[in-house]
Amino acid sequence: DVSQVGAEWFFSNLHKWGFAPSTATLLYGMDDFLKNTSHAVVSWNYLQGLKQESLFPGTRDFSAFLSVPAAVEYLKRWRSEDGETSEGFCRRRVRESAQVLANAWGTELTIPDDIMATR
């Protein structure tokens with residue numbers, strides 16, 4: 001639950017892990033941030049906050065959004081061969097990859113596991 005973590009923003013593409021169309025994404029923002037952020041493309045509802053400004057983006061095909069609930073459900077149920085959740089699997093693989101790079105570069109990892117972005 002993104003709001004429980006206290007994240008100001010959260011963005012994710014669902015096409016990589018949720019097997020959804022490439023335009024199916026998630027965007028979460030704290031209410032104050034959403035109200036005070038404008039969409040990158042000026043269009044309808046300008047200066048009314050990101051939620052309002054994103055309601056009608058023109059001629060975009062909305063069909064990819066229909067896949068979002070199924071993609072999220074897939075991610076909740078997915079398990080690796082070792083029984084890890086997608087979060088646990090990704091966190092472990094990021095840590096392993098970071099260690100490979102640190103070894104190759106002769107450096108130390110300084111980021112604790114609990115603040116890695118794969119959450």
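Since we're looking at a predicted model, the values are computed, not measured. Numbers here are sequence positions counted from 1.
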What do the steps show when you test L14 against F19 for side chain to side chain contact (heavy atoms under 4.5 Å, CB included), and what is the final call?
CA-CA 7 Å; L14 292 172; F19 295 101; over 6 Å; no

List the steps, then state whether side chain to side chain contact (heavy atoms under 4.5 Å, CB included) holds for H39 with N45.
CA-CA 10 Å; H39 199 284; N45 299 317; over 6 Å; no

Y28 and F11: side chain to side chain contact (heavy atoms under 4.5 Å, CB included), yes or no, with the steps?
CA-CA 6 Å; Y28 166 87; F11 173 81; over 6 Å; no

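In this structure, the side chains of D82 and F89 stay at 4.5 Å or more apart for every pair of heavy atoms.
E53 places a side-chain N or O within 3.5 Å of a backbone atom of L47 that can act as its donor or acceptor partner. A donor-acceptor pair is defined here as one N or O able to donate and one able to accept, closer than 3.5 Å; no such pair exists between the side chain of T37 and the backbone of L34.
When the side chains of ILVMFWY residues are joined at heavy-atom separations under 4.5 Å, either directly or via intervening members, V68 and L66 end up in two distinct hydrophobic clusters. One hydrophobic cluster, built from ILVMFWY side chains closer than 4.5 Å, cannot hold both I111 and V100; they sit in different ones.
Between the CG atom of N36 and the CG atom of L50 there is a distance of 11.0 Å, given to the nearest 0.5 Å. In this structure, the separation between CD on E8 and CG on D32 is 10.0 Å, given to the nearest 0.5 Å. Atom-to-atom distance recorded for S86:OG and Y74:OH is 9.0 Å, nearest 0.5 angstrom. Note: S12 OG to L75 CG = 7.5 Å, rounded to the nearest 0.5 Å. From R79, atom CZ reaches atom OG1 of T85 across 5.5 Å, with rounding to the nearest 0.5 Å. One finds the CZ atom of R91 at 5.5 Å from the CD atom of E87 (value rounded to the nearest 0.5 Å).
The salt bridge (Lys or Arg N to Asp or Glu O under 4.0 Å) check on D31 picks up K51, with sequence neighbours excluded. By the salt bridge (Lys or Arg N to Asp or Glu O under 4.0 Å) test, E96 is found to be paired with R92, R93, residues two or more places apart in sequence or in another chain being considered.
Scanning all heavy atoms of the two residues, the minimum distance from A64 to S67 falls at O-OG, 2.6 Å.
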